[in-house]
Amino acid sequence: MDKRKVRVRFAPSPTGPLHIGGVRTALYNFLFARKNNGVFILRIEDTDQTRFVPGAEEYIIESLKWCGITIDEGIEEGGPYGPYRQSDRKELYKEFSQRLIDSGNAYYAFDTAEELEAMRERLKEQKNSVQQYNAITRGDMKNSLTLSETETNNLLNSGAPFVIRFKMPDNENVLVEDIVRGTVSVNTNQIDDKVLFKSDGMPTYHLANVVDDHLMKISHVIRGEEWLPSLPLHVLLYRAFGWESTMPEFAHLPLLLKPSGQGKLSKRDGDALGFPVFPLEWTDPGTGDVSRGYREDGYFPDAFVNMLAFLGWNPGTEEEILSLNEMAFHFDLTKVHKAGAKFDPEKAKWFNHKYLTKKNSTKLANLYQEVLKKKNIHVSDDYVIKVVSLIKERANFVSDFWDQSCFFFQAPQKYDQDVVKKRWKEETPKLLSEIKEQLEKVEDFDLMSLEKVVHDFVEEKGIGMGQLMNPLRLTLVGAGIGPGVLEIMELLGKEEALKRIRSGIEKIN
Ligand code: GLU
């Protein structure tokens with residue numbers, strides 16, 4: 001038999017900004033598609049009109065673009081199985097729910113909210129542990145199984161509100177193989193007669209999701225663990241439609257957990273611990289509240305997706321820094337972990353640091369120039385490239401550059417008193433005056449010459465390197481930070497370096 005063409009979909013509901021757990025689901029689908037020369041589809045599941053949030057769909061699309069997750073078929077891209085937004089496929093679902101009614105797998109239910117509540121109360125009083133619409137209770141309710149055909153038709157014709165429910169088989173064990181979780185077994189008595197179609201003329205998630213996965217020829221459903229409880233119903237729907245032979249394979253991904261490992265990662269954790277849980281900044285259209293995004297926090301998209309991919313999967317080697325292509329090459333659904341993945345904000349920064357140090361200094365300098373221009377500092381690209389090369393090892397983000405390098409653009413205005421106390425000794429001014437004299441004589445103010453001068457000087461004086469270098473740094477930087485003292489001097493240039501040493505000797509004491 002021909003191997004089935006891999007077609008996967010990411011199927012978010014536009015109910016708000018995409019959580020990073022959702023981005024990871026999209027990413028795994030994308031990596032799996034790329035690995036198998038398959039197709040990655042974006043389908044927008046917007047059938048729950050009560051939860052629709054304006055701007056959320058655009059946000060999802062922009063997030064995937066920023067991550068470098070390219071869509072093969074979708075709303076903007078089109079494709080042979082469109083439309084790719086469920087509200088644009090509305091008519092279709094009616095027809096499919098009708099099919100289930102005709103085959104006896106679904107039925108109309110006319111119960112009002114009050115009647116449903118009364119049913120639950122009754123079951124509670126009878127000390128029933130489950131209070132749901134199911135094989136046992138449906139016989140006492142107002143539906144097309146208890147009403148005559150004429151009564152049902154009259155109600156439908158009169159425009160009475162109704163839903164269509166799935167007729168859950170009685171006491172049957174449903175077995176499904178999940179690629180991540182292994183065999184999943186559920187008895188149908190534990191599941192209620194789920195609503196498939198609502199009185200507003202829209203399908204529920206379950207119906208639309210299964211119908212679309214079938215029509216779009218989805219080969220693998222890769223989604224979050226929170227959908228695992230829906231799996232038996234979905235399998236029964238495939239069966240009821242007669243689509244079992246082309247049913248997709250399933251892989252339910254582990255949850256993203258709080259840094260403590262206790263419970264699901266939420267926006268509140270991010271707010272409390274100071275990290276974003278959304279890829280891009282999001283402004284709530286209702287309240288105007290702004291939530292932080294990884295993009296705006298200064299993460300590189302490649303670092304962000306690398307970090308996310310490793311929450312629940314790794315290629316089984318020591319290598320942690322991988323591009324999207326490399327990850328796709330190694331990706332394997334059977335290696336996805338079962339246990340929840342603890343989110344580690346420090347590790348997220350570490351990934352960004354690794355990508356930052358890998359980027360070439362010219363590119364980083366361009367980004368840094370934007371920061372400098374905002375501060376009204378205008379210097380040559382060449383100079384900024386040199387600064388960046390010296391400090392990038394010490395930064396996680398471009399926004400860290402200024403703190404690490406401001407002294408390359410302005411002479412110290414003040415001197416860190418803690419460092420002064422510790423490093424500025426009685427003999428320091430004299431030592432610095434003497435080295436200054438030596439430095440004045442240096443013609444080529446480059447690292448090699450400076451090294452020689454300094455080396456000879458400490459040798460001759462019989463002092464430790466630190467005795468000279470620490471106060472020297474203080475005069476140049478104003479603090480105890482920064483790259484090597486000689487590198488700093490070389491980049492500042494002879495005139496500026498000597499000027500700073502001179503001022504230091506005058507002002508520090
Ligand atoms: N619309 C569902 C969601 O928002 C999709 C679940 C699935 O992939 O089946 O997550």
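In each ligand, atom 1 is the first atom listed, and ligand 1 is the first ligand listed. We number each residue from 1, following the sequence as shown.
For Asp178 (side chain) and His252 (main-chain N/O), a donor-acceptor pair under 3.5 Å exists by modelled atom type. Counting only distance, with no hydrogens or angles, the side chain of Asn128 and the backbone of Val130 share no donor-acceptor pair below 3.5 Å.
Heavy-atom contacts of Asn209 reach the following atoms of ligand 1: 7 (C), 9 (O) (cutoff under 4.0 Å). Interface of Tyr205 with ligand 1, defined as ligand atoms under 4.0 Å from a residue heavy atom, comprises 2 (C), 5 (C), 6 (C), 7 (C), 9 (O). In the vicinity of Glu45, heavy-atom distances shorter than 4.0 Å reach the ligand 1 atoms 1 (N), 2 (C), 5 (C).
Residue Ala11 holds the heavy atom nearest to atom 2 (C) of ligand 1 of all those in Pro14, Ala11, Gly22.
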>> Please determine whether salt bridge (Lys or Arg N to Asp or Glu O under 4.0 Å) holds for the pair Glu73 and Arg9, giving the CA-CA distance in whole Å, both sets of side-chain angles, and the decisive distance to 0.1 Å.
In response: CA-CA 9 Å; Glu73 292 175 27; Arg9 85 305 190 272; over 6 Å; no
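The closest approach between Glu226 and ligand 1 stays at or above 4.0 Å for every heavy atom of the residue.
In this structure, a donor-acceptor pair under 3.5 Å is absent between the side chains of Asn134 and Asp192.
Counting only heavy atoms of the protein, atom 8 (O) of ligand 1 lies nearest to Arg9 NH1, 2.7 Å.
A perpendicular orientation is assigned to the rings of His206 and His234, their planes being inclined by more than 60° (bins at 30° and 60°).
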